[in-house]
Participant: 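I am attaching a structure below and will ask some questions about it afterwards.
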Amino acid sequence: MMSGNALRDLNTLPASERKNDSSSKGNFTKTCNGNTIENVEELQKKNPSSVCINGGETVNAGVEVANSEVEYIESENLGDLDDVNTCLEKLLPGLESKDWVLVVETLNNVRRLSIFHREAMHSMLGDLIPLVVKSLKNPRSAVCKTAIMTSADIFSAYNDDLIEFLDPLLVQLLLKSSQDKRFVCEAAERALEVMTTSVFPMSLLPKLQPYLKNRNPRIRAKASMCFSRSVPRLGVEGIQEYGIDKLIQVAASQLSDQLPESREAARTLLLELQTVYEKSNGLSTTIPEQPEMNSWEHFCQSKLSPLSAQAVLRVTNIAREGLVIGS
């Protein structure tokens with residue numbers, strides 16, 4: 001059901017927003033002292049008809065700012081906060097605001113708290129994550145992309161502590177990484193990469209697996225790439241514990257997928273599994289002269305259908321023959 005709802009989200013972007021996504025610059029700056037937003041609000045009180053954002057564009061209040069520039073600040077360039085307690089108090093109201101400028105500013109403060117004050121925000125994750133997900137669904141690209149960058153910083157900070165909140169974040173990031181908006185797509189792909197390096201694969205892989213069968217081929221492809229990146233982090237013992245037979249079946253099913261990204265991810269995963277299997281069974285990585293009962297070929301044939309085993313062996317044998325020729 002979650003996947004179905006998320007897929008519907010993918011088609012809700014208005015045409016006007018799609019046309020205004022080329023800009024990736026802007027002028028939002030750090031404000032837990034609230035200068036930027038508070039100045040805007042003060043100006044709104046004094047002159048409801050127009051407002052000047054960050055000393056730049058003057059816009060009509062009550063009319064959504066279509067082309068205001070937004071600065072997407074890389075994590076390493078974010079500075080610490082002046083007043084942590086005040087920022088913590090303003091987080092949830094800021095993320096719930098109907099003022100998209102305030103939402104973007106608050107998301108950047110969530111990022112700063114994740115980086116500089118991880119423990120201070122930890123107890124708020126249960127309330128915070130749904131609001132970040134709400135921003136991920138926002139049709140305004142400035143809010144959406146900042147929420148994506150926020151997700152990446154949250155992954156880096158909280159690792160496995162996010163696992164119980166991961167599902168809604170994951171589905172939205174898979175959706176955003178499958179869009180045609182390049183700068184949103186690239187940000188979502190980076191966030192997914194951070195997720196695969198931050199969350200323990202034993203917990204992450206079961207979350208990813210349902211999306212390998214999603215009806216949307218682009219979502220399958222992104223999920224396959226995440227799955228393939230995550231498996232090697234298990235290590236030899238972890239792969240054996242998770243079940244190399246389960247993993248080879250997953251990889252084999254992706255070999256015939258519609259998109260080349262899925263197929264390439266499957267090939268990469270199969271080569272990793274072959275290496276782990278042969279190491280754990282004391283087998284040589286060169287082509288054996290005589291098939292053995294515990295050989296990679298026998299293992300594939302015992303766990304897969306004949307057609308799937310043939311496809312898997314074609315991939316792994318070509319790679320292995322290339323190693324032999326090159327040696």
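Since the model is a prediction, treat every value here as computed from it, not as a measurement. Each residue takes its place number in the sequence, starting with 1.
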Participant: To the nearest 0.5 Å, tell me how far Arg182 CZ sits from Glu189 CD.
Facilitator: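 Result: 10.0 Å between the selected atoms.
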
Participant: Report the distance from atom OG of Ser178 to atom OH of Tyr211, rounding to the nearest 0.5 Å.
Facilitator: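 Ser178 OG to Tyr211 OH: 11.5 Å, rounded to 0.5 Å.
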
Participant: Between Ser156 and Ala152 (side chain of the first, backbone of the second, donor and acceptor by atom type, cut-off under 3.5 Å), is there such a pair?
Facilitator: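 Checking the backbone N and O of Ala152 against the side chain of Ser156, a donor-acceptor pair under 3.5 Å is found.
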
Participant: Tell me the closest heavy-atom pair linking Ala142 and Trp100, and the distance in Å.
Facilitator: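 Nearest heavy atoms, Ala142 then Trp100: CB-CZ3, 3.8 Å.
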
Participant: Determine, step by step, whether Arg111 and Asn108 satisfy the side chain to side chain contact (heavy atoms under 4.5 Å, CB included) criterion, reporting the C-alpha distance in whole Å, the side-chain angles of both residues, the deciding distance to 0.1 Å, and the verdict.
Facilitator: CA-CA 5 Å; Arg111 299 174 64 201; Asn108 278 327; 3.1 Å; yes

Participant: If you take all heavy atoms of Val110 and Leu91, which pair is closest and at what distance?
Facilitator: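 Looking at all heavy atoms of both residues, the closest pair is CG2-CD2, 3.6 Å.
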
Participant: Is any side-chain heavy atom of Ile129 closer than 4.5 Å to one of Leu162?
Facilitator: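 Touching, per the 4.5 Å side-chain cut-off.
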
Participant: Does CZ belonging to Arg118 count more than 12 external heavy atoms closer than 6.0 Å?
Facilitator: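 Check passes, neighbour count above 12.
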
Participant: Indicate if Leu273 and Met225 have the same hydrophobic cluster label, given that clusters are the connected sets of ILVMFWY residues with side-chain heavy-atom separations under 4.5 angstrom.
Facilitator: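 Cluster IDs for Leu273 and Met225 differ.
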
Participant: State, with a plain yes or no, whether a side-chain heavy atom of Lys134 is found less than 4.5 Å away from one of Lys137.
Facilitator: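 A side-chain contact under 4.5 Å is absent here.
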
Participant: Main chain of Leu174, side chain of Ser177: is a donor-acceptor contact present, judged purely on distance under 3.5 Å?
Facilitator: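 Answer holds: yes.
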
Participant: Where do Tyr158 and Ser114 come nearest, in terms of heavy atoms and distance?
Facilitator: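 The answer is CE1-OG, 4.0 Å.
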
Participant: Grab the two heavy atoms, one from Leu269 and one from Ser228, that are nearest each other, plus how far apart they are.
Facilitator: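 Leu269 and Ser228 have their closest heavy atoms at N-OG, 3.8 Å.
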
Participant: Do Ser141 and Phe183 touch side chain to side chain, with heavy atoms closer than 4.5 Å?
Facilitator: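 The answer is yes; the side chains approach within 4.5 Å.
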
Participant: Going through the distances and angles, do Val312 and Trp296 end up as a side chain to side chain contact (heavy atoms under 4.5 Å, CB included)?
Facilitator: CA-CA 10 Å; Val312 167; Trp296 171 249; 4.1 Å; yes

Participant: CD/Gln310 to CG/Leu255 distance, rounded to the nearest 0.5 angstrom?
Facilitator: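 Gln310 CD to Leu255 CG: 12.0 Å, rounded to 0.5 Å.
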
Participant: For the residue pair Leu131 and Thr106, establish whether any side-chain heavy-atom pair is separated by less than 4.5 Å.
Facilitator: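 No; the side chains remain at least 4.5 Å from each other.
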
Participant: Spell out, as yes or no, whether a donor-acceptor pair under 3.5 Å connects the side chain of Ser230 to the backbone of Cys226.
Facilitator: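 No; zero donor-acceptor contacts below 3.5 Å.
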
Participant: Check whether any side-chain heavy atom of Leu113 sits under 4.5 Å from a side-chain heavy atom of Met124, and report yes or no.
Facilitator: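 The answer is no; the side chains never approach within 4.5 Å.
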
Participant: Side-chain heavy atoms nearer than 4.5 Å, only ILVMFWY residues, links allowed to pass through others: does that put Phe165 and Ile148 together?
Facilitator: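 Both belong to a single hydrophobic cluster.
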
Participant: Is any side-chain N of the basic residue among Glu193 and Arg190 closer than 4.0 Å to the acidic one's carboxylate O?
Facilitator: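 No salt bridge links Glu193 with Arg190.
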
Participant: Report the distance from atom OG of Ser262 to atom CZ of Arg218, rounding to the nearest 0.5 Å.
Facilitator: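 The CZ atom of Arg218 is 12.0 Å from OG of Ser262, to the nearest 0.5 Å.
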
Participant: Kindly indicate whether the side chain of Leu247, heavy atoms from C-beta on, has any atom under 4.5 Å from the side chain of Phe227.
Facilitator: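 Side-chain contact under 4.5 Å: yes.
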
Participant: Is any NZ, NE, NH1 or NH2 atom of the basic residue among Asp83 and Lys90 found under 4.0 Å from an Asp or Glu carboxylate oxygen of the other?
Facilitator: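 A salt bridge is absent here (no side-chain N lies under 4.0 Å from a carboxylate O).
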
Participant: Nearest 0.5 Å, what's the CG-CZ distance between Leu192 and Arg229?
Facilitator: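 With rounding to 0.5 Å, CG (Leu192) is 7.0 Å from CZ (Arg229).
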
Participant: For the pair Ser253 (side chain) and Val250 (backbone), establish whether a donor and an acceptor sit closer than 3.5 Å, ignoring hydrogens and angles.
Facilitator: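 Yes: the side chain of Ser253 pairs with the backbone of Val250.
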
Participant: Return each pair, listed once, that meets salt bridge (charged side-chain N to carboxylate O under 4.0 Å, His left out) where at least one residue sits in residues 238-261; pairs must be two or more places apart or across chains.
Facilitator: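 Sorted result for residues 238-261: Arg220-Asp257.
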
Participant: Determine whether Ile244 and Phe299 make a side-chain contact, defined as any pair of heavy atoms from C-beta on separated by less than 4.5 Å.
Facilitator: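 Counting from C-beta outward, Ile244 and Phe299 do come under 4.5 Å.
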
Participant: Considering all heavy atoms of both residues, which atom of Leu81 and which atom of Arg112 are nearest to each other, and what is their separation?
Facilitator: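 Looks like CD2-CD, 3.5 Å.
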
Participant: What are the two closest non-hydrogen atoms of Ala147 and Leu107, and how far apart are they?
Facilitator: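 In this case the closest contact between Ala147 and Leu107 is N-CD1, 3.8 Å.
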
Participant: Between the main-chain N or O of Leu313 and the side-chain N or O of Asn317, is there a donor-acceptor pair closer than 3.5 Å?
Facilitator: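 Answer holds: yes.
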
Participant: Do Val104 and Tyr72 come within less than 4.5 Å of each other through their side chains, counting heavy atoms only?
Facilitator: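 Result no, sub-4.5 Å side-chain heavy-atom pair not found.
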
Participant: How far apart are the C-alpha atoms of Met149 and Ser75, what are their side-chain angles, what is the distance that settles it, and do they pass the side chain to side chain contact (heavy atoms under 4.5 Å, CB included) test?
Facilitator: CA-CA 8 Å; Met149 299 173 79; Ser75 300; over 6 Å; no

Participant: Of Val84, Asn109, Leu88, which meets side chain to side chain contact (heavy atoms under 4.5 Å, CB included) against Met121?
Facilitator: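 Single side chain to side chain contact (heavy atoms under 4.5 Å, CB included) partner of Met121 among Val84, Asn109, Leu88: Leu88.
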
Participant: Working to the nearest 0.5 Å, report the span between OG of Ser198 and CG of Asn159.
Facilitator: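 Rounded to the nearest 0.5 Å, the OG-CG separation comes to 5.5 Å.
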
Participant: Side chain to side chain contact (heavy atoms under 4.5 Å, CB included) between Arg233 and Thr196: does it pass, once the steps are laid out?
Facilitator: CA-CA 9 Å; Arg233 296 186 61 240; Thr196 58; 5.7 Å; no

